[in-house]
Amino acid sequence: MLVNGKKYMTIWTDKHNKDVVCAINQNKLPFGFEIVKLKSSGDVIDAIKNMVVRGAPLIGAAGAYSVYLALLEAKRKYKGAFDLNEYLSEKCELITSARPTAVNLRWAVDLILEKVTKQKTLQGKIDAALKMAEKICDDDVRACRNIGMYGRDVIKKISAKKKDGVVNVLTHCNAGWLAVIDYGTALAPVYLAKEAGLKVHVWVEETRPRNQGARLTAWELEQNGIDYSIITDNAGGYVMQNGMVDMVITGSDRTTLTGDVCNKIGTYKTALAAYDNKIPFYASVPMSSFDLSIRDGVKEIPIEERSTDEIMYSEYYDGRDIKKGLITFKTAKIRNFGFDVTPAKYVTGIITEKGIIKPNERSIRKLFRNG
Ligand code: MRU
């Protein structure tokens with residue numbers, strides 16, 4: 001998507017040196033635009049943990065590149081005999097535990113491992129890992145564009161029924177192009193609707209405590225000329241109750257076999273408000289974000305609990321630097337849950353790259369059978 005008129009993806013290998021992975025530093029946005037150069041598997045793990053890169057599909061892709069960099073390191077460091085399998089499985093364990101909720105990380109690492117183990121030489125493994133990491137990115141772009149097309153058709157239908165034609169979409173967190181490789185999951189329909197000349201306005205929930213809505217989603221929409229308004233997380237119910245929302249679209253970090261969706265903390269309350277106001281609630285989910293081994297999202301999905309500092313302090317920009325200020329007293333007791341689960345009964349439909357499906361086991365099994 002566009003940044004100051006120039007096209008970017010969120011992650012790529014340096015065109016002059018394929019041993020370096022480049023990514024947009026999302027911790028600097030929207031105040032600064034910085035590209036980080038990740039040179040080791042550990043650099044990527046730190047970038048995932050510290051949310052320099054974030055969003056389920058993007059951390060999957062980053063995890064894949066991390067395996068590739070781990071193999072390059074093995075080539076540089078270990079000249080004599082050493083146990084490559086043991087080394088790789090330790091690295092993969094570190095990568096997949098960097099963030100626990102999004103299933104994409106495990107999914108991508110497993111895909112890479114499958115390709116790598118088929119190769120006999122270290123160089124063969126390195127080449128296979130790079131090829132697979134690039135394929136994961138390319139496939140994700142295609143999947144998101146398709147999600148965008150299916151979601152755009154829903155927007156189009158709603159628009160046709162409205163006098164002014166303007167469709168008000170409410171979203172939570174950032175499930176735009178910054179969370180994936182390009183287009184986004186929840187925001188892909190919005191971008192494609194704009195491409196098709198439809199009129200869309202997006203209600204952006206700020207998404208405490210890290211404010212991915214206010215900092216990332218609003219910035220993306222602004223860069224791409226889409227009308228939006230930031231609201232507090234608490235205002236979502238109010239705008240729905242007052243007829244200002246036509247549909248909700250969010251992403252999902254892990255979707256169960258039964259259609260429960262797990263997304264950024266606060267999504268569940270947003271879905272409840274949508275349900276109470278008879279507003280359709282869609283989750284945009286590429287197939288890489290399904291976990292078919294899980295049936296009950298509330299009981300079975302591991303929910304990340306992050307540092308209490310994210311709630312104790314709030315970040316702000318003073319015109320020169322990003323700073324942190326205390327927003328409660330230092331000894332306050334805090335819990336910082338990163339995600340919540342919206343049970344399938346509150347989900348109108350799941351927008352996938354193969355079409356929009358019902359959030360139930362039958363439709364999800366069929367999606368994967370035909371996929
Ligand atoms: O903690 P984050 O910023 O990585 O959380 C991201 C989300 O919750 C997104 O909505 C999500 O990954 C799903 S779609 C890209």
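Just so you know, residue 1 is the first one in the sequence shown, and it goes up from there. Just follow the structure's listing: the first ligand is 1, and inside any ligand the first atom is 1.
- Remark: ligand 1 atoms within the under-4.0 Å shell around heavy atoms of Thr185 are 14 (S), 15 (C).
- The protein heavy atom nearest to atom 12 (O) of ligand 1 is Ala56 N, 2.8 Å.
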Just list the side-chain donor-acceptor pairs under 3.5 Å for residues 146-153, sequence neighbours left out, or say none.
none

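- A donor atom on one side chain and an acceptor atom on the other are found under 3.5 Å apart for Thr217 and Asn174.
- Near Gly251, meaning under 4.0 Å from any of its heavy atoms, are these atoms of ligand 1: 13 (C), 14 (S).
- Considering backbone and side-chain N/O of Lys264, one or more are found under 3.5 Å from N/O of ligand 1.
- Near Asn174, meaning under 4.0 Å from one of its heavy atoms, ligand 1 places the atoms 9 (C), 10 (O).
- A salt bridge links Asp110 with Arg106: at least one charged nitrogen is closer than 4.0 Å to a carboxylate oxygen.
- Backbone and side-chain nitrogen or oxygen atoms of Gln212 are examined, and one is located within less than 3.5 angstrom of a nitrogen or oxygen of ligand 1.
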Can you give each donor-acceptor pair under 3.5 Å made by side-chain atoms of residues 276-286, sequence neighbours left out, with the distance rounded to 0.1 Å?
unit_1 : atom_1 : unit_2 : atom_2 : d
Asn277 : ND2    : Ala273 : O      : 2.7
Ser284 : OG     : Thr185 : O      : 3.2

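- Using a non-hydrogen distance threshold of 4.0 Å, Gly55 registers as a contact of ligand 1.
- Hydrophobic clustering (ILVMFWY, side-chain heavy atoms < 4.5 Å, transitive): Ile351 and Val169 are in one cluster.
- Pairing each heavy atom of Asn168 with each of His201, the nearest pair is OD1-ND1, 2.8 Å.
- Close contacts between ligand 1 and Asp253 involve ligand atoms 7 (C), 8 (O), 9 (C), 11 (C), 12 (O), 13 (C) [criterion: under 4.0 Å to a heavy atom].
- Every atom of ligand 1 with a heavy atom of Met51 under 4.0 Å away is listed here by number and element: 1 (O), 2 (P), 3 (O).
- Side-chain polar atoms of Asn104 and Arg99 form no donor-acceptor pair below 3.5 angstrom.
- The shell of residues lying under 4.0 angstrom from ligand 1, judged by heavy atoms, includes Cys173.
- Glu205 has no carboxylate O lying under 4.0 Å from a charged side-chain N of Lys264, or vice versa, which leaves the two without a salt bridge.
- Around atom 6 (C) of ligand 1, the closest heavy atom drawn from Arg54, Arg306, Gln26 belongs to Arg54.
- Near Arg99, meaning under 4.0 Å from one of its heavy atoms, ligand 1 places the atoms 1 (O), 2 (P), 4 (O).
- An N or O contact shorter than 3.5 Å is missing between Pro57 and ligand 1 by distance.
- Considering only non-hydrogen protein atoms, atom 13 (C) of ligand 1 sits nearest to Ser252 N, 3.3 Å.
- Taking a cut-off of under 4.0 Å to the non-hydrogen atoms of Ala179, the atoms of ligand 1 that pass are 15 (C).
- Remark: ligand 1 atoms within the under-4.0 Å shell around heavy atoms of Asn263 are 7 (C), 8 (O), 9 (C), 10 (O), 11 (C), 13 (C).
- Note on Asp139 versus Arg142: salt bridge recorded, some NZ/NE/NH1/NH2 to OD/OE distance being below 4.0 Å.
- Checked for salt-bridge contact, Glu304 and Lys49 miss the test: no charged N lies under 4.0 Å from a carboxylate O.
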